[in-house]
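Every value quoted in this text rests on a predicted model; they were computed, and no experiment measured them.
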Amino acid sequence: MQPDRNVDILAVERTLLAAERTFSAWIRTGLAGVGGGLAIAHALVFTNPLNHKLAQVSGFLLVLWGTGLFIYALIDYRRTCARLTRETDLKKSLGVLLPMTALLLIVVALVLWIML
């Protein structure tokens with residue numbers, strides 16, 4: 001008896017959707033880090049110069065952490081898609097995902113430049 005091909009296709013689709021949800025969660029967490037970093041670095045006002053400098057450094061580190069999450073999410077998602085493509089006949093295009101993530105990284109780089 002031959003395995004049902006439709007069941008295999010549905011399993012691959014579920015795996016791909018799970019990878020996309022995971023990518024989305026990593027991006028959401030990275031954005032929270034970038035937003036929190038900006039809030040700490042620019043919204044908090046301190047009279048003590050040491051506290052002000054510590055807030056700027058903390059904010060900068062949070063923005064870097066969020067940027068690192070963006071990069072990690074992209075690498076992990078690409079790895080999952082490559083594995084699915086290798087093991088199945090799935091042809092998942094990263095044509096939209098790559099430019100969107102690149103734009104996000106450019107915006108974060110501009111924010112870092114403004115912070116410094």
Side-chain angles (χ1 to χ4, degrees):
M1 184 173 184
Q2 192 173 22
D4 188 7
R5 179 104 171 108
N6 289 333
V7 174
D8 291 341
I9 292 171
L10 290 175
V12 169
E13 287 294 323
R14 281 192 303 271
T15 303
L16 182 61
L17 290 172
E20 289 174 353
R21 284 190 304 272
T22 303
F23 176 78
S24 175
W26 281 110
I27 293 296
R28 193 172 47 244
T29 304
L31 284 173
V34 170
L38 291 175
I40 288 172
H42 290 289
L44 296 178
V45 178
F46 295 102
T47 55
N48 185 345
L50 177 63
N51 289 345
H52 180 70
K53 192 52 130 173
L54 286 174
Q56 283 185 331
V57 169
S58 298
F60 179 75
L61 290 175
L62 269 174
V63 170
L64 282 180
W65 176 75
T67 305
L69 283 180
F70 298 151
I71 294 167
Y72 172 77
L74 182 61
I75 290 169
D76 186 57
Y77 182 72
R78 287 190 63 180
R79 186 177 55 231
T80 301
C81 286
R83 189 174 62 235
L84 284 174
T85 302
R86 245 188 346 265
E87 296 176 6
T88 66
D89 58 351
L90 177 71
K91 300 295 181 218
K92 178 64 179 173
S93 171
L94 294 174
V96 173
L97 183 64
L98 289 176
M100 287 175 32
T101 306
L103 179 64
L104 187 60
L105 288 173
I106 290 169
V107 169
V108 168
L110 289 173
V111 167
L112 282 173
W113 182 68
I114 290 169
M115 283 179 61
L116 297 176

K.L.:
What closest approach, in Å, do Gly59 and Ala41 show between heavy atoms, and which atom pair accounts for it?
P.N.:
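In this case the closest contact between Gly59 and Ala41 is CA-CB, 4.1 Å.
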
K.L.:
How would you list, by chain and number, every residue that makes a side chain to side chain contact (heavy atoms under 4.5 Å, CB included) with Leu50, sequence neighbours excluded?
P.N.:
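Once residues adjacent in sequence are excluded, the partners of Leu50 under the side chain to side chain contact (heavy atoms under 4.5 Å, CB included) criterion are Asn48, Leu54.
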
K.L.:
I need the minimum non-hydrogen distance between Ala19 and Tyr77, along with the two atoms involved.
P.N.:
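In this case the closest contact between Ala19 and Tyr77 is O-CD1, 3.7 Å.
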
K.L.:
CG/Leu74 to CD1/Ile71 distance, rounded to the nearest 0.5 angstrom?
P.N.:
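The CG atom of Leu74 sits 8.5 Å away from the CD1 atom of Ile71.
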
K.L.:
Would you name the heavy atoms of Ile40 and Ser58 that are closest together and state the gap between them?
P.N.:
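Minimum heavy-atom contact is CG2-CB, 4.2 Å.
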
K.L.:
Using the side chain to side chain donor-acceptor pair (under 3.5 Å) criterion, which residues pair with Asp76? Sequence neighbours excluded.
P.N.:
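Here the qualifying residues are Arg79.
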
K.L.:
Search all heavy atoms of Leu84 against all heavy atoms of Thr15 and return the closest pair with its distance.
P.N.:
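Heavy atoms only, the tightest pair is CD2-CG2, 3.9 Å.
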
K.L.:
Starting at CG of Leu105, measure out to CG of Leu110 and round the result to the nearest 0.5 Å.
P.N.:
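Atom-to-atom, Leu105:CG and Leu110:CG are 11.0 Å apart.
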
K.L.:
Phe70: what forms a ring pair (Phe, Tyr, Trp, His ring centres under 6.0 Å) with it, not counting sequence neighbours?
P.N.:
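Counting only residues at least two positions away or on another chain, Phe70 forms no ring pair (Phe, Tyr, Trp, His ring centres under 6.0 Å).
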
K.L.:
Evaluate the side-chain proximity of Leu31 to Leu104: yes if any heavy-atom separation is below 4.5 Å, no if none is.
P.N.:
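They are in side-chain contact.
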
K.L.:
Closest heavy-atom contact between Ala73 and Ile27?
P.N.:
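Closest pair (atom of Ala73, atom of Ile27, distance): CB-CD1, 4.3 Å.
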
K.L.:
With sequence neighbours left out, what residues match Leu17 under side chain to side chain contact (heavy atoms under 4.5 Å, CB included)?
P.N.:
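If we apply the side chain to side chain contact (heavy atoms under 4.5 Å, CB included) test to Leu17, skipping adjacent residues, the hits are Glu20, Arg21.
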
K.L.:
State which residues pass side chain to side chain contact (heavy atoms under 4.5 Å, CB included) with Leu61; sequence neighbours excluded, sorted by chain then number.
P.N.:
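Scan of Leu61 (side chain to side chain contact (heavy atoms under 4.5 Å, CB included), adjacent residues dropped) gives Val57.
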
K.L.:
Using the test side chain to side chain contact (heavy atoms under 4.5 Å, CB included), find all partners of Leu69 that sit at least two apart in sequence or belong to another chain.
P.N.:
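So Leu69 forms a side chain to side chain contact (heavy atoms under 4.5 Å, CB included) with Trp26, Thr29, Trp65.
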
